[in-house]
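Single-structure report; data block below.
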Amino acid sequence: MDQESKMETVTTLKAAYVPPKSQGVRLRGIRSELFERHIAQVIRGEVHAERNPPTPKTDFCSTTQTDFCVQGFVPLTPETTQVNDYKTDQAVTFWSENCQRIQGVTAVQTLRAPFRKSAQFSTPISERMDEIEHPSDN
């Protein structure tokens, strides 16, 4: 064996295969070729439309618009029965409504503001201004 020999670039298949030569004469007519192309294009369009359906048109209506806006509905704002000021009024919560039943809380002075600061623990009994008579130590 010759170790320095180079491989051949032509295989036996390439050497034996000869591409067919055209006869130089048209074997099919122009109309049949155009008809075949037209049929292929129509089928291609049908397959494309079947595999890629058009995207549905997006509906930009919100739930409120579709479910709650009924024609002929006139909203009525109820009249206020008392004046409320959100800056100064005490908030109505579970604890403010049940302040009489809570254990471990000092005596409620006013029902409108039950959780305000109370100085009853630190004020001596003799200096309390809200009581007219001092409680007796009997």
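Only heavy atoms go into these numbers, but all of them, side chains included; no hydrogens, no water, no symmetry mates.
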Report task. State, to 0.1 Å, how close S96 and A91 come at their nearest heavy-atom pair, and which atoms those are. Result -> OG-O, 3.4 Å
Query raised in the report: Do other residues, nucleotides or ligands put more than 12 heavy atoms under 6.0 Å from the CZ atom of R28?
Result: yes
**Report entry** Verdict with reasoning, E46 to E50, per side-chain contact (heavy atoms from CB on, under 4.5 Å)
**Finding:** CA-CA 6 Å; E46 289 175 2; E50 183 180 311; over 6 Å; no
Query raised in the report: If you count the non-hydrogen atoms of other residues, nucleotides and ligands that lie under 6.0 Å from CD1 in I30, is the total more than 12?
Result: no
Report task. First locate atom CG of D59, then atom NZ of K57, and finally report the distance between them rounded to the nearest 0.5 Å. Result -> 10.0 Å
Query raised in the report: Under the 3.5 angstrom rule, does the side chain of T80 hit a backbone N or O of V83 as a donor-acceptor pair?
Result: no
Query raised in the report: Above 12 or not: heavy atoms from other molecules or residues under 6.0 Å from CZ of R26?
Result: yes
Query raised in the report: Side chains of L34 and H38: closer than 4.5 Å at any heavy-atom pair?
Result: no
Report task. Could you tell me the separation between the CH2 atom of W95 and the CG atom of N98, rounded to the nearest 0.5 Å? Result -> 8.0 Å
Report summary line: Here the gap from E33 atom CD to L27 atom CG, rounded to the nearest 0.5 Å, amounts to 9.5 Å
Query raised in the report: Where the side chain of Q65 meets the backbone of S62, is there a donor-acceptor pair that is under 3.5 Å apart?
Result: yes
